[in-house]
Amino acid sequence: MKKVFASLLALSLMLVGCGGGKGGEKEEAKDKTPVIALVTDQGTISDKSFNQSAWEAVEKYGKEKDLGYKYYKPATFDTAGYTAQIENAVDNGAKVIVCPGFKFSETIANIQEKYKDVKFILIDATPAKGDNAVEPTENVYCALYKETQPGYLAGYAAVKEGYTKLGFMGGIALPAVINYGYGYLQGANDAAKELNVKVEVKYAYTGTFNESPDIKSKSAGWYNSGTEVIFSCGGQICNSVFAAADETKKLSIGVDSDQKDASKTVLTSAMKGVNKTVYDQIKAAFDKSFKGGIYTLDAAGDYVGLSPDFSRFKKFTKEDYDKVFKTVKDGSVKIISNADVDKKANGDPNTKVLKDALSNVTVTYEK
């Protein structure tokens, strides 16, 4: 059972925000020992996703405290490539190293004992060797997130804005992706009950985190058949969804990071607070308050939510958002997650527990 759990946990952390940003690369601090390091995952520090969010936190803390900082880009985005750059960072004087993404799981499992004097901040992942979970040592902080909450807020906002024909396009049906989707449906349902309307949702998993002409075609088909907004929830598939939204003059919802600059079609984004997480833990490392372990971050700590930019909404206001966010934050809203349904559901939104909770939402699941 432990082996199966570890495998699912590692896979569930595969969801990453859409990249593709083309901004100029930022320079590291010069003439100082780079005591804070970021080893990038696939993408760049201008990718409008985890790399960029983490780098901006590194840069901010480094500048505030007049400390040296630097990012390292692996030659290959695998365990060997990550390990080589972590070793390079340590050799250059790094005391805190940020590793943004599930692909670092095995690397951290392999080296956490070797570099006990270095603090590691592991985003959206936990240490693992193959299918076997490995306990993080006291120098490794693992940040996971409660995806149901930003998913809920995204669905709620879309319906409050007036949309009643929604779409959810997930990547691979893994727990992190499923939780975004389940939250999205429940948020849409609660807003629909308040407005006394019925909502229809087309729902699918693409089976990949990569963009493709097929995903763009499927998204365009949904839009052309009446879908008004699609929540794109699976890494690079957003490029395909955004392109379809642009061509059909419809809207989309981004994921993980604020993706408003990635496409003019993005109404809002269901976000994980990677920037805040990294900044807080760098600070803890230098304040001597750093505590390793596995932490699931949520609205209670302001680590998840929607984009702070409400300029693309016409009806849903910041005040509306603050009101619903409070109910999520204080726990008065109970959101069903992947862990609450039949384990054989494999992401099916029409599983009994969830379906019974969706009084005002009808889901068409396209397997």
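These figures come from a predicted structure and were not determined experimentally.
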- Task: For T40 and T44, run side-chain contact (heavy atoms from CB on, under 4.5 Å): C-alpha distance rounded to whole Å, both residues' side-chain angles, the deciding distance at 0.1 Å, then the answer.
- Result: CA-CA 7 Å; T40 66; T44 71; over 6 Å; no

- Query: Can a salt bridge be assigned to the pair K116 and E138 using a cut-off of 4.0 Å between side-chain N and carboxylate O?
  - Reply: no

- Min side-chain heavy-atom separation I335-K146 under 4.5 Å: no

- Message: Quick check: closest heavy atoms across A143 and L297, and the distance to 0.1 Å?
- Response: CB-CD1, 3.9 Å

- Message: Parallel, tilted or perpendicular, judged at 30° and 60°: which one describes the rings of Y115 and F120?
- Response: tilted

- Message: Just so I know, are the side chains of K63 and Y69 near enough to count as touching, which here means a heavy-atom distance under 4.5 Å?
- Response: yes

- Query: Just wondering, do K291 and Y141 contact through their side chains at under 4.5 Å, heavy atoms?
  - Reply: no

- Indicate the ring-plane relationship of Y184 and F231, choosing parallel, tilted or perpendicular according to the 30° and 60° boundaries. tilted

- Angle class for the F316/Y156 ring planes (parallel below 30°, perpendicular above 60°, tilted otherwise)? perpendicular

- Step by step, work out the side-chain contact (heavy atoms from CB on, under 4.5 Å) result for F209 and L174. CA-CA 11 Å; F209 291 117; L174 303 170; 4.2 Å; yes

- Separation between CG (L166) and CD (E228), nearest 0.5 Å, reads 7.0 Å

- Query: So is K60 actually on top of Y279's ring, under 6.0 Å and inside 45° of the axis?
  - Reply: yes

- Query: Do I97 and V140 belong together in a cluster built from hydrophobic side chains that touch within less than 4.5 Å?
  - Reply: yes

- Task: Spell out, as yes or no, whether a donor-acceptor pair under 3.5 Å connects the side chain of S105 to the backbone of F102.
- Result: yes

- Nearest 0.5 Å, what's the CG-CH2 distance between L38 and W55? 6.5 Å

- Go through the side-chain N and O atoms of T265 and S252 and say whether any donor and acceptor fall under 3.5 Å apart. yes

- Message: If we ignore hydrogens and angles and just use 3.5 Å, is the side chain of E147 paired with the main-chain N or O of K272 as donor and acceptor?
- Response: no

- To the nearest 0.5 Å, how far apart are CD1 in I178 and OG1 in T148? 12.5 Å

- Message: Show every salt bridge (Lys or Arg N to Asp or Glu O under 4.0 Å) that has at least one partner inside residues 196-208, sequence neighbours left out.
- Response: K165-E200

- Straight-line distance of K355 NZ to I336 CD1, nearest 0.5 Å: 13.5 Å

- Less than 4.5 Å apart, any side-chain heavy atom of K103 and any of Y82? yes

- Query: Does a side-chain heavy-atom distance below 4.5 Å link L267 with Y163?
  - Reply: yes

- D320 side chain to T317 side chain, donor-acceptor N/O pair below 3.5 angstrom: yes

- Taking C-beta and beyond as the side chain, do T277 and Y295 meet within less than 4.5 Å on heavy atoms? no

- Give a yes or no on whether the backbone of N189 and the side-chain of N360 come within a donor-acceptor separation of less than 3.5 Å. no

- Task: Show your reasoning for whether side-chain hydrogen bond (donor to acceptor under 3.5 Å, both in side chains) applies to T208 and T206.
- Result: CA-CA 5 Å; T208 180; T206 64; 5.5 Å; no

- Query: Is the closest basic N to carboxylate O distance between K260 and D258 below 4.0 Å?
  - Reply: yes

- Determine, stepwise, if the pair Y321 / F313 fulfils ring-ring contact (aromatic ring centres under 6.0 Å, His included). CA-CA 11 Å; Y321 173 71; F313 287 104; 9.0 Å; no

- Say whether, by atom type as modelled, one donor and one acceptor occur between the side chain of S240 and the main chain of S212 under 3.5 angstrom. yes

- Message: Assess the residue pair S257 and Q52 against the criterion (side-chain contact (heavy atoms from CB on, under 4.5 Å)); give the C-alpha distance rounded to whole Å, side-chain angles, the decisive distance to 0.1 Å, and a yes or no.
- Response: CA-CA 9 Å; S257 299; Q52 181 171 341; over 6 Å; no

- Any donor-acceptor N/O pair, N51 side chain to Q42 backbone, under 3.5 Å: yes

- Message: If the threshold is 4.0 Å, N to carboxylate O, is there a salt bridge linking D66 and K32?
- Response: yes

- Task: Could you tell me which non-hydrogen atom of C99 sits nearest to which non-hydrogen atom of I108, and how far apart they are?
- Result: SG-CD1, 3.9 Å

- Does K314 NZ have over 12 foreign heavy atoms under 6.0 Å away? no

- To the nearest 0.5 Å, what is the distance between CD (E366) and OH (Y205)? 13.0 Å

- Task: Name all residues meeting the salt bridge (Lys or Arg N to Asp or Glu O under 4.0 Å) criterion together with D280; count only those two or more places apart in sequence or in a different chain, and write none if there are none.
- Result: K276

- Determine yes or no for a side-chain-to-main-chain donor-acceptor pair under 3.5 angstrom, with S307 supplying the side chain and T268 the backbone. no

- Apply side-chain contact (heavy atoms from CB on, under 4.5 Å) to the pair F168 and V177, showing each step before the final yes or no. CA-CA 10 Å; F168 174 81; V177 182; 4.2 Å; yes

- Item | Side chains of T351 and Y365 in contact at under 4.5 Å (non-hydrogen atoms) | no

- Query: Got V278 and S53 here, is their nearest side-chain heavy-atom distance under 4.5 Å?
  - Reply: no

- Query: Can any side-chain N or O of T227 pair as donor or acceptor with the backbone N or O of W222 at less than 3.5 Å?
  - Reply: yes

- Please say whether more than 12 non-hydrogen atoms of neighbouring residues, nucleotides or ligands are located less than 6.0 Å from NZ in K329. yes

- Message: Surrounding CG of N196 (heavy atoms of other residues, nucleotides or ligands, distance under 6.0 Å), is the total greater than 12?
- Response: no

- Query: Do the charged groups of D322 and K318 touch, with an N to O distance under 4.0 Å?
  - Reply: yes

- Shortest non-hydrogen contact between K70 and P34, atoms and distance: CB-CB, 3.7 Å

- Identified side-chain contact (heavy atoms from CB on, under 4.5 Å) counterpart of Y145 within the set I123, N179, D298: I123

- Query: Y223 side chain to L251 main-chain N or O, any donor-acceptor pair under 3.5 Å?
  - Reply: yes

- Task: Could you tell me whether a side-chain N or O of Q149 sits under 3.5 Å from a main-chain N or O of A299, the two making a donor and an acceptor?
- Result: yes

- Query: Taking atom OG1 of T107 and atom CG of D78, what is their separation to the nearest 0.5 Å?
  - Reply: 8.0 Å

- Taking 4.0 angstrom as the limit, do E87 and K114 come out as a salt bridge? yes

- salt_bridge(D356, K352) N-O dist < 4.0 Å: yes

- Query: Taking the six-membered ring where the residue is Trp, are the ring centres of Y180 and Y182 under 6.0 Å apart?
  - Reply: no

- Between the side chain of Q186 and the main-chain N/O of A357, is any donor-acceptor distance below 3.5 Å? no

